[in-house]
Undergrad: 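Have a look at this one before I ask anything.
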Protein chains: 2
Amino acid sequence: MKYSIGEVAKKLNLTAYTLRYYDKEGLIPFVERTPNGIRMFKESDLDALKVIECLKSTGMPIKEIKNFIDWCSEGDASLQQRYDLFMERKATVFAQMEELEKTMELIEHKCNYYKTALDAGTEEIHKNNKIEGF
Amino acid sequence: MKYSIGEVAKKLNLTAYTLRYYDKEGLIPFVERTPNGIRMFKESDLDALKVIECLKSTGMPIKEIKNFIDWCSEGDASLQQRYDLFMERKATVFAQMEELEKTMELIEHKCNYYKTALDAGTEEIHKNNKIEGF
DNA sequence: ATAAACCTTATAGTTAACTCTAAGTCAAGG
DNA sequence: CCTTGACTTAGAGTTAACTATAAGGTTTAT
């Protein structure tokens, strides 16, 4: 099964513009074309795009993702680099999770703060509390 | 205890440029000045900045954060809006956590994939596996 | 008293990641 | 045959969030 750029855009919740931009940036050099130049995405191309989106969601910039794509076409010589890359990403994502936990704690604290204030009808209820200044 | 813009920048791991930018965007209207116009940050201003950084880390754009800051100076009339804002943020952060879990799963899968390939000396080891295409 | 190290303003420049426009090609349906 | 709609390219425009510059003022240490 092959897909047009519009179909892939829909499937992956991207735009055709974005996919052409990725192509221009060298992220999807493996996508084949019809004789008249139209991109034909294979199933494996979709898998690759999912990995690209995964890396992007970890905050990796497109230029670094391109390095990884380049390594992929270098074959076994780059296996160590690619392993290292994912191990480093794993650490990054772990740090992001911890960061997000802390964010959640403050958000929940604020939810409670405003719930209490709302129940009391005024924020004054917190004004004695030296810890909660804002 | 009062702090200069440079001290606050260091404390919160921002730059003085960023803090002046926040001020220009109306994020910190409560920061007072010396008679000759120099910003003097109070302890409570640091707390406010921490909340701003927290909201920012949830992906909230600066203009929306400004709305919240405006609500804060409106007093009790905006308690409901502020409560709603944090409840909505809570849902957002929860969704981000779930997203990050999925990302982590794919990353860990890739770590294993490359570990196996590295041990075998070649990526060929995965070529029979129809599920793992990339 | 003079240089270093801060601060101020207004405004211009940068960066990443899109996002869109213009001009044109191509295949299918009425 | 001709229109519709999806595709192509090159290149320009957008946006958010900084980031830096220029020109100048103030405070502190020698």
Side-chain angles (χ1 to χ4, degrees), chain A residues 1-42 45-46 48-69 92 96 99 103, chain B residues 1-42 45-46 48-69 92 96 99 103:
Chain A
M1 190 62 186
K2 300 286 179 72
Y3 307 93
S4 76
I5 197 167
E7 287 165 341
V8 175
K10 246 178 219 157
K11 257 181 184 296
L12 300 187
N13 230 11
L14 299 167
T15 69
Y17 294 142
T18 302
L19 287 166
R20 286 193 204 101
Y21 168 68
Y22 286 179
D23 200 0
K24 195 156 49 177
E25 295 299 310
L27 257 49
I28 47 172
F30 37 73
V31 173
E32 285 165 18
R33 306 282 188 119
T34 63
N36 39 43
I38 292 183
R39 291 176 191 82
M40 296 294 285
F41 291 76
K42 300 180 290 295
D45 297 344
L46 295 196
L49 274 166
K50 278 171 201 158
V51 174
I52 287 168
E53 288 307 293
C54 171
L55 289 173
K56 211 155 61 72
S57 79
T58 72
M60 179 176 267
I62 273 161
K63 279 178 189 172
E64 275 176 51
I65 299 177
K66 188 204 177 323
N67 291 341
F68 166 65
I69 298 295
T92 302
Q96 288 171 350
E99 208 41 48
T103 297
Chain B
M1 191 61 185
K2 300 286 179 72
Y3 308 94
S4 76
I5 197 168
E7 287 165 342
V8 175
K10 245 178 219 157
K11 257 181 183 298
L12 300 187
N13 230 11
L14 300 167
T15 69
Y17 292 143
T18 303
L19 287 166
R20 286 192 204 101
Y21 169 68
Y22 286 178
D23 200 1
K24 192 157 53 180
E25 295 299 311
L27 257 49
I28 47 172
F30 37 74
V31 173
E32 286 165 15
R33 307 281 189 121
T34 64
N36 39 44
I38 293 185
R39 292 175 190 84
M40 296 295 285
F41 291 77
K42 300 180 289 295
D45 297 345
L46 295 196
L49 274 165
K50 279 171 200 159
V51 173
I52 288 168
E53 288 307 293
C54 171
L55 289 173
K56 211 156 60 73
S57 79
T58 72
M60 180 176 267
I62 273 161
K63 278 177 190 173
E64 276 176 51
I65 300 177
K66 187 203 176 327
N67 291 341
F68 165 66
I69 298 295
T92 302
Q96 287 172 351
E99 207 40 48
T103 297

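Letters A, B, ... are given to chains in the order of the sequence lines, protein chains preceding strands, and every chain is numbered from 1.
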Undergrad: Round to the nearest Å and state the distance from A/I5 atom CD1 to C/dT19 atom C1'.
TA: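 So the CD1-C1' distance, A/I5 to C/dT19, works out to 13 Å.
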Undergrad: What is the separation between atom CG on B/D23 and atom P on C/dC7, rounded to the nearest whole Å?
TA: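 So the two atoms are 14 Å apart, to the nearest Å.
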Undergrad: Between B/M40 (CE) and C/dC7 (C1'), how many Å, whole number?
TA: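 About 12 Å, once rounded to whole Å.
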Undergrad: Using a 4.0 Å cut-off on protein heavy atoms (strictly under), produce a 5'-to-3' string for nucleotides 14-21 of chain D with B for base contact, S for backbone-only sugar-phosphate contact, and - for none.
TA: ---BBBBB
Undergrad: Rounded to whole angstroms, how far apart are OH on A/Y3 and C1' on D/dA6?
TA: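 Roughly 18 Å, once rounded to whole Å.
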Undergrad: Under a 4.0 Å N-O cut-off, is there an ion pair linking A/K56 with A/E53?
TA: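 Between A/E53 and A/K56 there is a salt bridge, with a charged N closer than 4.0 Å to a carboxylate O.
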Undergrad: I want to confirm an ordering. Mapping B/S4 and A/I38 to their closest nucleotides on DNA chain C, which one lands closer to the 5' end?
TA: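 With B/S4 and A/I38 compared, the 5'-side residue is B/S4.
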Undergrad: Hey, does the side chain of A/N36 come within less than 4.0 Å of C/dA27's phosphate (OP1/OP2), counting only N and O?
TA: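 Looking at the OP1 and OP2 atoms of C/dA27, one of them is under 4.0 Å from a side-chain N or O of A/N36.
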Undergrad: With a 4.0 Å cut-off on N to O distance, would you call B/K42 and B/D45 a salt bridge?
TA: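 A salt bridge links B/K42 with B/D45.
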Undergrad: I want to check something: taking the side chain as every heavy atom from C-beta on, are A/V8 and A/L46 in contact at a cut-off of under 4.5 Å?
TA: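 Sidechains of A/L46 and A/V8: in contact.
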Undergrad: With distance as the sole test, does B/E25 use its side chain to make a donor-acceptor pair with the main-chain N or O of B/K66 at under 3.5 Å?
TA: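 A pair under 3.5 Å: no.
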Undergrad: Are A/L19 and A/L49 packed together at the side-chain level, in the sense that at least one heavy-atom pair is separated by less than 4.5 angstrom?
TA: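 Yes. Closest side-chain heavy atoms under 4.5 Å.
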Undergrad: Has A/R33 got a side-chain N or O lying under 4.0 Å from the OP1 or OP2 atom of C/dC26?
TA: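 So the side chain of A/R33 is outside the cut-off, no N or O lying under 4.0 Å from OP1 or OP2 of C/dC26.
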Undergrad: To the nearest Å, how far apart are A/K66 NZ and C/dA17 C1'?
TA: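 Computing the A/K66:NZ to C/dA17:C1' distance gives 17 Å.
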Undergrad: Can you tell me the distance, in whole Å, between the CD atom of A/E25 and the C1' atom of D/dA10?
TA: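 It works out to 14 Å between those atoms.
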Undergrad: Between B/K10 and B/E7 (salt bridge meaning N to carboxylate O under 4.0 Å), is one present in this structure?
TA: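 Looking at B/E7 together with B/K10, the answer is no, because their closest N to O distance does not fall below 4.0 Å.
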